[in-house]
Every structure is written in structure tokens, then in C-alpha cells.
Amino acid sequence: MHTGLRITAFAAALAATFGTAYGVGRGVDPVVAESEPAPHGEHAGSTARQHGDKSREGQERTPPGGLQISEGGYTLDLATPRVTAGRSIELRFTVRDANGDAVTAYQREHDKELHLVLASRDLVTYRHLHPTRAADGTWSTPVDLPAAGGYRVFADFTPAGKGAENLTLGADLAASGRYEPARLPAPDATARTDGYEVELAGALRPGKASELKLKVSRDGEPAGGLQPYLGAYGHLVALRSGDLAYLHVHPNGEPGDGTTAPGPEVSFTATAPSGGTYRLFLDFRHQGEVHTAAFTVRAGSTPGAQEPVPAATPEHTDGHGH
């Protein structure tokens with residue numbers, strides 16, 4: 001995913017739109033579940049680019065990323081559209097070009113050729129995975145979904161080739177089993193998990209760039225020394241409630257460029273493609289482990305209602321495939 005936030009499922013740069021926020025979880029592939037993300041593209045100076053939303057002034061000129069299974073001549077071919085909840089399975093898929101051939105060459109972005117995000121339709125379960133690619137172009141990764149229901153799979157990648165654009169393709173995934181829909185956590189400016197507390201400052205605004213700041217603390221003390229993860233001090237993914245439009249944003253500043261110190265705070269510049277309720281997932285690394293913090297926010301409400309309102313404690317597993 002590029003240095004920006006894509007709504008969608010991931011779309012191209014919103015030129016600095018969206019901040020950092022995942023449900024805090026441990027492990028290389030955090031999971032936000034029941035109760036409470038290389039360089040993806042180039043960083044534009046000290047401002048992160050947002051993937052997934054191509055809107056201007058609050059109006060979506062083109063569909064956000066991840067809402068379409070095919071775009072720009074490429075199609076996401078999900079070979080495992082159905083799984084059983086509570087069982088570990090191998091999720092397999094292929095990206096095909098306009099001729100139906102499997103794509104086998106990609107640009108590396110934030111250390112990976114492709115980033116895979118999986119989220120439940122109720123936005124309670126979330127995973128940022130990094131599958132492996134076979135020589136024939138087939139991607140695979142182990143997945144163990146905690147609950148039955150509908151899920152959305154987002155493949156964020158840029159094909160190899162001059163002038164190729166970043167794409168986020170999405171496909172539905174069904175998990176069988178006893179299904180009990182979960183309620184979306186209420187908005188809250190603070191997310192807690194694994195002994196960490198992440199405070200979110202700033203409001204997400206439709207059609208207007210705004211800064212989101214995330215401050216990490218542990219046991220009541222600032223968690224200094226945040227470490228680079230996939231080429232950045234944090235990765236933020238936002239999913240719009242209702243259609244799961246996808247945004248992926250990277251922080252303002254990157255390791256080694258002198259604009260961001262490895263302290264307890266990470267800032268992002270983000271723009272929501274529309275008003276509505278969003279779920280934010282922030283990935284960050286501290287003391288060698290990756291954690292995810294999740295927030296529910298509302299964009300386009302009255303000023304008082306725009307502030308983020310606590311997310312449930314996330315469940316996590318190692319699924320990044322590192």
C-alpha cells in the first residue's frame with residue numbers, strides 16, 4: 001500500500017488523507033476481533049499519500065478502492081470464497097490481467113509486493129496479512145476466522161511496469177457456522193490493548209484534509225522508541241461502515257528523513273471520501289512486536305460528534321507471513 005490511505009478498499013493517493021489507527025494487537029499480523037497493515041508507493045516529502053479515495057471536495061468522482069473486483073484491466077480471482085469459522089485454512093487467490101493471465105511481476109511497496117487486508121462486514125474482525133506468491137502467480141496465506149459471517153478481502157498492489165498505478169481490488173469471503181452479528185463499537189478517542197493505550201486527536205472530515213495524531217503510552221507512561229514497521233512508523237487503514245470502502249495512509253514523515261522522531265506520537269494527514277462512520281486500524285511496532293489499535297469515528301457530523309468515540313480490545317494473531 002502506498003503512503004496514503006485508500007478507501008475501499010485501497011485507492012490512489014488522497015494526497016495526505018487519513019491517519020493512523022488499528023485496533024491494538026500483538027503479532028506480526030494483528031487481528032481486531034469480536035469485542036473489542038514497504039514502501040507502498042513513494043512518500044511525498046513529509047506528507048503521506050492516501051490510497052483508496054479519488055474524491056474531491058467530499059464527492060466521490062470514482063468508486064473508492066476495494067469496492068470493485070476488477071479495475072484497470074486487473075481482476076482479483078479468489079480461489080477460496082468460502083471457509084469454515086474457527087478452522088485454519090489456506091486462503092488462495094490470483095490477480096489476473098486483461099487477458100486472464102496470472103500477474104507474476106509487482107512493484108515492491110513498503111517491503112511487500114502485495115498487502116492483503118481482511119475485515120468482517122460488521123468491522124469487528126480485522127487482519128492485515130502478507131501472503132506469499134508462487135512462481136505461477138498464485139498467492140496464499142493461512143487464515144483462521146473467529147466467527148461466521150460475511151467478510152471482505154482487499155488486495156492492495158501495484159503491477160510492475162512504467163506508469164502502473166496502485167490498485168485495491170476487493171472480493172467477498174463467506175465463513176460458515178453459527179452467526180451472531182456484532183454491534184460496531186461506539187466512538188472513543190482512546191483504544192486499549194496488550195497494556196498499551198493509544199489516544200487519537202483530530203477529526204476525520206469528508207472532502208477536506210485534516211491531521212490525525214496518535215499517541216502511544218504503556219502503563220501510564222509515553223511509549224517512546226516506536227520502531228519502523230514496513231518502512232514507516234505506523235500504518236493506518238480506514239474502512240467505511242456500510243460498504244467497507246477502503247483507505248490506507250502512512251505517517252507524515254518516514255524513518256531517516258528527519259521529519260519524524262521515533263517517539264510516542266505518530267501523525268497522519270487524511271481525507272474521508274464522504275460523511276459517515278469509519279473504523280480506523282493503526283499498526284505500530286514497539287519493542288520488537290507489532291500491535292494494532294482500533295477506533296470508531298464519524299466524519300461529517302456536528303463538530304462535537306466528529307470526535308472519535310472506546311473501541312473493544314482487539315484479538316490478534318501472527319498472520320503477516322514474516
Side-chain angles (χ1 to χ4, degrees), residues 3-5 16-27 30 32 36-37 43 46-48 50 110 126 128 185-205 209-239 247-272 278-299 303-314 316:
T3 340
L5 232 175
T17 106
F18 229 65
T20 330
Y22 283 358
V24 177
R26 176 189 344 234
V32 175
E36 231 277 69
H43 287 276
S46 63
T47 301
Q50 176 174 304
H110 280 279
Y126 170 89
H128 180 176
D188 194 330
T190 302
R192 302 176 180 82
T193 190
D194 294 340
Y196 288 88
E197 183 174 274
V198 182
E199 297 181 5
L200 173 61
L204 185 61
R205 305 179 187 283
S210 60
E211 184 177 26
L212 300 177
K213 294 183 179 180
L214 293 126
K215 185 176 182 179
V216 182
S217 61
R218 188 175 188 182
D219 299 326
E221 298 294 331
L226 294 182
Q227 302 166 319
Y229 171 57
L230 295 176
Y233 285 121
H235 294 263
L236 177 67
V237 164
L239 296 175
L247 296 176
H248 181 195
V249 173
H250 295 279
N252 297 323
E254 50 189 304
D257 69 0
T259 62
T260 302
E265 184 174 277
V266 183
S267 70
F268 300 76
T269 301
T271 301
Y278 293 78
R279 187 75 166 151
L280 306 184
F281 300 92
L282 168 67
D283 283 342
F284 66 93
R285 174 179 281 172
H286 187 247
Q287 295 184 349
E289 292 188 349
V290 176
H291 304 270
T292 302
F295 301 82
T296 298
V297 301
R298 296 192 180 110
Q306 282 185 355
E307 295 304 316
V309 239
T313 301
H316 42 272

Closest non-hydrogen atom pair between His286 and Gly224, with its separation: NE2-O, 3.1 Å
Euclidean distance, Leu230 CG relative to Arg285 CZ, rounded to 0.5 Å: 7.5 Å
Considering all heavy atoms, the nearest Thr271-Leu204 contact: C-CD1, 4.5 Å
Plane angle bin for His235 and Tyr229 - parallel if under 30°, tilted between 30 and 60°, otherwise perpendicular: perpendicular
Over all atoms of both residues, closest heavy-atom pair of Pro185 and Thr296: O-OG1, 2.9 Å
Distance-minimising heavy-atom pair for Thr269 and Ala209: CG2-CB, 4.0 Å
Partners meeting side-chain contact (heavy atoms from CB on, under 4.5 Å) with Glu197 (sequence neighbours left out): Thr190, Arg192, Glu199, Ser217
Shortest non-hydrogen separation from Ser210 to Ala203 and the atoms involved: OG-O, 2.7 Å
Straight-line distance of Arg218 CZ to His291 NE2, nearest 0.5 Å: 6.5 Å
Sidechain-backbone polar pair: Ser267 side chain, Asn252 backbone, donor-acceptor under 3.5 Å: no
Side-chain touch Leu280/Leu200, heavy atoms, less than 4.5 angstrom: yes
Straight-line distance of Arg205 CZ to Glu211 CD, nearest 0.5 Å: 12.0 Å
Nearest heavy-atom neighbours spanning Tyr278 and Ala299: CE1-CB, 3.9 Å
Identified side chain to side chain contact (heavy atoms under 4.5 Å, CB included) counterpart of Phe284 within the set Leu226, Val290, Leu214: Leu226
